[in-house]
Structure formats: structure tokens, C-alpha cells
Amino acid sequence: MVVPNLKEAMKRSKEHGIVQTIHYKIDDNLRGIAKGKHYFIKTYGCQMNEHDSENIKGLLEELGFIPVDCMEEADFILLNTCAIRENAHNKVFGFLGRIKNLKEKRPNVIAGICGCMAQEEVVVKEILEKYNYIDLVFGTHNIHHLPKLIHEILIKQENQIEVFSKEGDIIENMPFKRDSKYKAWVNIMYGCDKFCTYCIVPYTRGKQRSRKKEDILTEVQALKENGYKEVTLLGQNVNAYGKDLEEDYYMEDLLFDVSKTGIERIRFVTSHPWDFTDKMISIIASCDNIMPYIHLPLQSGSNTILKQMGRRYTKEEYITLFHKLKEKIPNVAITTDIIVGFPNETEEDFEDTLQVVEECKYDSAFTFIFSPRIGTPASKMEDRIAKEVKEERLQRLNERINYYSKCANEVYKGKTVKVLIEGISEKDDTKVMGYTETMKLVNVKADKNTIGTIIPVKITDVKTWSMDGEAV
Ligand code: SAH
Ligand code: SF4
Ligand code: F3S
């Protein structure tokens, strides 16, 4: 049993050594060990976790597992968890009750937990004490051990708890079962070294480790050859890509080289404002296949709060960058993340945030109430602001965000834009759906055989969260 340790996870020292690249290969004696068995994965959290689940599915299918949509039919149930806010935690602990009921009826079902919550010392302790029907816990640093762990459970019939606090090497050549045939996530870096004071990610994902450019470019090239139209380069802080590599090769260089592969659409998330260089901006502006869409988290518009958050920029610097992006990248859409109710955020601080929203008129935003995370500096700050005040601020903020989302969509009415059609519309199954270059969801009147292609669409109506259109 290896359990996580918060102190170890917080360390960033030389003893971590240089990150190696290891090539994964399944052990021949593990191939097919779960033949005929069914698996069910529930994924919480960000794109990183979604993509990890694609990796986990790939590993499980090499073992012979077959996917099922219904948990009750599964022999192996896995929760890939998120630790970012308290409600993410609560959802997972709520789901564990359902698993318990199922295990009472079918004791042979294997139940596992992985992802960011599994990296938390307090969570694993609680699981071991109160949820002893969980058979498997593994973390974000040892996904590639999953086949071995499953094998141990199957042959020894005893639970497996293996969570490393220190990130290890970069594992290449892992199998992925991608959810889409047209757009793909591509990791370009793991971990985060920013240590924003409210955020748990640097502890759950370890230190920043950039993938080698050759491995990224080979992956994008292969995706293109397999018919993929779009890649999203993934990392917690993609603008810092390369800063940990020995070679002088950074995000702007990577964007340029990925653009040269000729894949039709390139996106990237998430951009920390701190690392946005002028060179990056000019490459985004000049390469047609790099999409004019940037997620630029603000977090707060108050300089006092930004400082306490450890965000390393001021409101003024953020606004200058915002306008530079708008000016240099034609038709760019910019979205953001905002936290309200950081410890002792005053009404004035909050109004500063509203003021930035009035100035930036975001295309859309994810807004959150601050949630204290164990181990982070902000969780130790005394907080005198009442919950009701925080909720009321969130409402006021959302009202403005929604207003500007609708305004940003209004501009599209009557225009013709390119949409990558991904599938049948969830709202209306006579329609198809997809996203514009600027990441706007469009429900489109078009033939189903347009799925998987980029087509011109005339926008006929706009709402706050989506638009309607027809193929032209
Ligand atoms: N790497 C990304 C953020 C990943 S987390 C970045 O730096 O932009 C996604 C969002 O969750 C953050 O942008 C932040 O707005 C929010 N978030 C993170 N920790 C939080 C916490 N403790 N409470 C509330 N919101 C939080
Ligand atoms: Fe968290 Fe900040 Fe890193 Fe984003 S940049 S993952 S908010 S510590
Ligand atoms: Fe959640 Fe981990 Fe992503 S905490 S937001 S799943 S990196």
C-alpha cells in the first residue's frame, strides 16, 4: 500500500531530478486478462481528467475489458475524480453510496477511485477508514500501473492502494480510446508550478513537466492522418510550455510547429496571463489554423485579492493584455474564470471584478465561489464574509456575464461562419451540432452526412449559451 503525502506533494526540489521519457508497453502476460468483463468510468473535472479517462479506457481495453453505459452492468467501476472545489468532492462521496449498494448485491464487482481526489492525503485516509469496500485507489502519476494493479486484484483478491506523491517520468506511447473521431485532446505538459494560493492542482498534478516537441508533433501528425480535424493542446498553464525543458523551445515555437502539420484546427487551454508573450500573440494571429479563441482566467479584478491569490499580475496588466489580444487577433473570442468570495473580499474588491467584466465584455465565463482546499495557503486565511454575501455576489456577477455572452452572440446573427460538425444536436435530433472557430456552440439544420466535416453555417438565431444556424 502506498498512500499520498501532502508534504511530499508540495515539494519542488532538485532531488526530483530530470524528468525522463519512458515508453509504455503492455506486459504480454496481462493482455486479455479481463476478457469478457465490462467496465464503467465516471469522469469528473477538467479536460485533463477527460483525457486521462480516454487513456484509462485504452489501457482497460488492452486487458480485454468492454465498455458499458450502465454502472449496474459493470464488473469494474472507476470514478476519475476532481478535487478543485468542495462540491466536486461531495459528488464523488455521494456516488460511493450507490457503489456500496451495488457491491452488496454483487460482491465481485471491482470498485476504484483515481484522479485528483485520490492524490489527497485526507481523502485516501477517509476512504480507508470509512469506505473499505473500495478495491482500488491510484493517482494521477501512476495511471500506467493500472493493468498491473487490476491483475493483482484479480489474482490475489485483495485491494490495491497505490498513490505516488511525487510525479514520476513522462510516459509516452500509452493507448488512448478517444471519445471523438474528429477532435482530440493532446497533452503538451503535465503539472503546474504556479501555486496560486487557492488552488490544489499543483499538489494533485505535481511539478510542471513539458512533453518533448517530437512526441507532441508525432501525435498531432498521426491524428491528422487518421482524419482528425481539430486538436486541443492541453496543460494547466500551456503558455509556460517548455520552460522546464533543456532546449530553448517555448509555446510560441510549439504553436508554430503544430500549425505547420496542417491540421485544420488548433486550440489550447489554459493560458495563464503571466506567460503570454508577444511572439505567441503574433503566431496565433498569423496562422490560419490556430483558432481565434483564448481562455484567459482573470480570477479577480482587485489588485489586493490578485496579490493574495498569488496570480502575479495586476488588474491593469490583465486589461492591457486583453486589449492587445483583441487588437492583434482578428475576431478573437475571449473567455475567463472568476472566483468570488476569496477570504475577506470586500464589496470594493468585488466591484473591481465587475468593472473588469464591464471592460472586457467576455464571450463567456466560468464563475465560482471560493472553496477552501486543505493544504493550500488560502484555506488557512481567516474569512469573515458570510456565505449569503458570496452567493449574492456570484448572482450579480453571473447576471453581467450572461448579459455579455448574449451580446457577444448577437454579433453573429445573419453571419456565415465555419462550424466543425461533431454529431447530432442534444436539443433537437433532427439537427446536428458543432463549434465555430471562436468556440460557440451551434445547432445546425444540415444533413447528417456533414458530421465530421467543417461547413459554412449561416447563423439564424442566438441565445445566451448557443446559436442556431443552417448549412449554406
Ligand atoms: N490552470 C487553470 C485553472 C484550472 S482550475 C488556470 O490557471 O487558469 C479551473 C478554475 O477553477 C480556476 O481557473 C479557478 O477559477 C477555479 N478554482 C480553482 N481553485 C478554486 C478554489 N479553491 N475555489 C474556487 N474556484 C477554484
Ligand atoms: Fe491552479 Fe494557478 Fe496552476 Fe491554474 S495556474 S492550475 S489556478 S495553481
Ligand atoms: Fe479537477 Fe484535477 Fe482538473 S482537481 S480541475 S480534475 S486537474
Side-chain angles (χ1 to χ4, degrees), residues 4 9-10 12 42-53 56 79-89 91-92 113-120 123 139-141 143 167 185 187-209 233-241 243 268-276 294-301 305-306 308-313 318 334-343 345 353 362 365-381 383 390 393-394 397 401:
M10 290 166 86
R12 291 290 187 275
K42 183 146 179 70
T43 309
Y44 300 87
C46 64
Q47 298 98 330
M48 197 84 56
N49 248 22
E50 294 284 342
H51 190 39
D52 283 350
S53 284
I56 291 166
L79 305 186
N80 190 6
T81 63
C82 170
I84 203 84
R85 282 170 292 274
E86 189 60 35
N87 59 356
H89 262 227
K91 279 188 211 158
V92 169
I113 289 198
C114 65
C116 287
M117 273 173 73
Q119 289 296 141
E120 288 185 278
V123 168
T140 58
H141 304 317
I143 293 177
E167 63 292 315
W185 309 113
N187 281 325
I188 63 168
M189 63 194 298
Y190 304 95
C192 179
D193 288 343
K194 283 281 187 278
F195 287 100
C196 302
T197 58
Y198 51 83
C199 184
I200 200 163
V201 172
Y203 316 115
T204 63
R205 294 276 170 175
K207 77 166 178 179
Q208 172 172 326
R209 291 146 289 149
L233 309 179
L234 272 188
Q236 287 301 343
N237 177 17
V238 289
N239 301 20
Y241 171 82
K243 291 191 169 182
F268 51 94
V269 279
T270 297
S271 291
H272 189 296
W274 172 252
D275 297 298
F276 229 119
I294 290 161
H295 187 62
L296 193 71
L298 167 69
Q299 311 301 3
S300 169
I305 299 288
L306 283 171
Q308 288 172 18
M309 286 177 160
R311 286 294 285 182
R312 309 173 199 211
Y313 52 81
Y318 180 95
I334 303 182
T335 58
T336 199
D337 289 347
I338 297 173
I339 298 175
V340 301
F342 189 78
E345 178 193 60
T353 299
Y362 293 105
F366 296 106
T367 55
F368 314 100
I369 291 181
F370 167 74
S371 170
R373 312 311 300 132
I374 293 174
T376 62
S379 70
K380 298 186 194 97
M381 295 177 188
D383 186 11
K390 298 185 180 193
R393 284 183 191 159
L394 183 69
L397 175 63
I401 292 291

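All ligand and atom numbering here is 1-based and tracks the order in the structure. Any value given below was found using the heavy atoms of this structure, including those in side chains, with hydrogens, waters and symmetry copies removed. Since the model is a prediction, treat every value here as computed from it, not as a measurement.
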| request: Give the residue and atom name of whichever protein heavy atom lies nearest to atom 1 (Fe) of ligand 3, and the separation in Å to one decimal. | output: Cys82 SG, 2.4 Å

| query | If you measure from each non-hydrogen atom of Ile369 to ligand 1, which part falls under 4.0 Å: side chain, backbone, both or neither? | reply | backbone

| Going by heavy atoms, is Arg205 under 4.0 Å from ligand 2? | no

| query | Using a heavy-atom cut-off of under 4.0 Å, does the side chain or the backbone of Gln236 touch ligand 1, or both, or neither? | reply | both

| note | Counting heavy atoms under 4.0 Å, the part of Val201 that contacts ligand 2 is side chain

| Would Val201 count as a contact of ligand 1 if the rule is a heavy atom under 4.0 Å away? | no

| query | What's the shortest distance from atom 4 (S) of ligand 3 to any protein heavy atom, and which residue and atom give it? | reply | Ala83 N, 3.2 Å

| query | Going by the atom numbers of ligand 2, which of them fall below 4.0 Å from some non-hydrogen atom of Gln236? | reply | 6 (S)

| query | With distance as the sole criterion, is a donor-acceptor pair present between the side chains of Thr43 and Asn80 under 3.5 Å? | reply | no

| field | ligand 1 atoms in contact with Arg311 (distance to a heavy atom under 4.0 Å) | value | 7 (O)

| request: May I ask you to list the atoms of ligand 1 that are less than 4.0 angstrom from any heavy atom of Arg373? | output: 22 (N)

| How does Pro202 reach ligand 2, by side chain, by backbone, by both or by neither, if only non-hydrogen atoms under 4.0 Å count? | side chain

| note | Closest to atom 19 (N) of ligand 1 among protein heavy atoms sits Tyr198 CD1, 3.3 Å

| Distance filter under 4.0 Å to Gln299 heavy atoms, resulting ligand 1 atoms | 12 (C), 13 (O), 14 (C), 15 (O)

| query | Arg205: heavy atom below 4.0 Å from ligand 3, yes or no? | reply | yes

| Nitrogen or oxygen of His272 less than 3.5 angstrom from that of ligand 1 | no

| Interfacing atoms of ligand 3 (cut-off 4.0 Å, heavy-atom, Cys116) | 2 (Fe), 4 (S), 6 (S), 7 (S)

| query | Against heavy atoms of Gln236, which atoms of ligand 3 measure under 4.0 Å? | reply | 7 (S)

| message | Using a 4.0 Å cut-off to any heavy atom of Arg85, which atoms of ligand 1 qualify? | response | 11 (O), 16 (C), 17 (N), 23 (N), 24 (C), 25 (N), 26 (C)

| query | Cys192 heavy atoms, cut-off 4.0 Å: which ligand 2 atoms fall inside? | reply | 3 (Fe), 5 (S), 6 (S), 8 (S)

| query | Going by the atom numbers of ligand 2, which of them fall below 4.0 Å from some non-hydrogen atom of Lys194? | reply | 3 (Fe), 5 (S)

| said: Is any side-chain heavy atom of Met10 closer than 4.5 Å to one of Tyr203? | reply: yes

| message | Is any side-chain heavy atom of Tyr198 closer than 4.5 Å to one of Gln299? | response | yes

| Any idea which atoms of ligand 1 are less than 4.0 Å away from a heavy-atom of Phe370? | 23 (N), 24 (C)

| field | Taking atom 8 (O) of ligand 1 as the reference point, the nearest protein heavy atom with its distance | value | Pro297 CG, 2.9 Å

| note | of all protein heavy atoms, closest to atom 3 (Fe) of ligand 3 is Cys46 SG, 2.3 Å

| Which is it for Phe195 and ligand 2 at heavy atoms under 4.0 Å: side chain, backbone, both or neither? | backbone

| query | Given side chains that start at C-beta, do those of Thr353 and Phe342 come closer than 4.5 Å, heavy atoms only? | reply | no

| query | What do we get for Ser371 next to ligand 1 when only non-hydrogen atoms under 4.0 Å count, side chain, backbone, both or neither? | reply | both

| query | Under 4.0 Å from ligand 2, counting heavy atoms only, is it the side chain of Cys196, its backbone, both or neither? | reply | both

